[in-house]
Amino acid sequence: MLIEGKLLASDVEAETREKVERLAELGVLPGLATVLVGENPASQMYIRLKHSACGRVGIHSENVVLAENTTEEQLIGKILELNARPDIHGILLQLPLPKGLSPKKAMMTIKPEKDVDGFHPENMGSLLLGAERLVPCTPLGIIYALERLGKKLEGAEVVIVGHSNVVGKPLAAMMLNRNATVQVCHVFTKDLAKHTRDAEILVVAAGVPGLIKGDMVKPGAFVFDVGINRVGNKTVGDVDFEAVKDVAAAITPVPGGVGPLTVSMLLRQTVQAAESQQRKIEKRD
Ligand code: NAD
């Protein structure tokens, strides 16, 4: 079975559109600001995708573009401005930043309640403690898809390839929060196949095309291919799709799998942020 990320994402968009309409009745228009530093073409493309998705569900969105030679002070200053704006409920800093700019301080400057990418240490810390608030969008999209597919997570053998702060680590925490048994592999893992063959749910986020071959997958596994790699003029994942699709029970395509799910979770979290900021205002008044 193909896990059609695009179709699932369109359901999330429909739900999100309804929530946007409910907020409109309260006079609230959810707003997302993205911050792009420099002219990385891949980042520009991701930003375009995010803004057109916002447009489809009625979220107001604006893109702040800063020059490649922006200083840390200037970037922080811009984020502080966005933090102070009541019409902006979500702030997303597009990574990677140009060389010489550290994402750490900028990320920490984003108000946790506006951190729709879920990267702020406060949100990451809550996630680790089992109290999920705003969380990273790619892991959230994978959890959403598994729930929609009716795959039980409690007690499931989950193997994650990749231990980045964006995908692998937060996904491992989210899986543990749902009582899965989790193994996390990475570039220093000695025998990758030994681990991946255990997986009922295999998530691969390494950025290495063709890393996962057919004989590395347990028959009947659910496979999520997070990788986005350019090979020639094609975009491919980290999984040898043709070989693995005959072994797995379900697999995401690249493109059209995890990518659209990730964007849809950004919309969902922007509306969630707007709702919780609105509740805060109502409590205060
Ligand atoms: P990263 O690039 O920061 O780190 C890569 C991870 O893979 C590390 O943990 C590393 O140890 C591991 N790794 C590298 N080579 C390996 C190997 N040969 N064997 C086992 N592990 C190996 O990770 P990231 O930012 O999570 O990105 C991973 C991939 O996912 C990239 O292709 C990225 O473009 C893609 N991505 C896609 C989405 C999406 O929405 N679809 C979102 C985020 C990242």
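Remember, it's 1-based here, ligands and their atoms both numbered in the order they're listed.
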A.B. asks: Looking at Arg268, Arg17, Arg148, Lys6, which one forms a salt bridge (charged side-chain N to carboxylate O under 4.0 Å, His left out) with Asp11?
C.D. replies: Arg148

A.B. asks: Residues two or more places apart in sequence or in another chain: which of them pass salt bridge (Lys or Arg N to Asp or Glu O under 4.0 Å) with Asp198?
C.D. replies: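 By the salt bridge (Lys or Arg N to Asp or Glu O under 4.0 Å) rule, Asp198 matches no residue at all.
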
A.B. asks: Who are the residue neighbours of ligand 1 when the rule is a heavy atom under 4.0 Å from any of its atoms?
C.D. replies: Thr138, Val161, Gly162, His163, Ser164, Val167, His186, Val187, Ala205, Ala206, Gly207, Val208, Leu211, Val226, Gly227, Ile228, Asn229, Val258, Gly259, Thr262

A.B. asks: With ring pair (Phe, Tyr, Trp, His ring centres under 6.0 Å) as the rule and sequence neighbours excluded, what pairs involving residues 132-180 come up?
C.D. replies: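 Ring pair (Phe, Tyr, Trp, His ring centres under 6.0 Å) check on residues 132-180 returns His163-His186.
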
A.B. asks: For Leu146, which of Val203, Leu153, Ile3, Val158 qualifies under side chain to side chain contact (heavy atoms under 4.5 Å, CB included)?
C.D. replies: Leu153

A.B. asks: Distance alone, cut at 3.5 Å: any donor-acceptor contact between the side chains of Lys19 and Gln272?
C.D. replies: no

A.B. asks: So, using side chain to side chain donor-acceptor pair (under 3.5 Å) as the criterion, who are the partners of Thr109 when residues are at least two apart?
C.D. replies: none

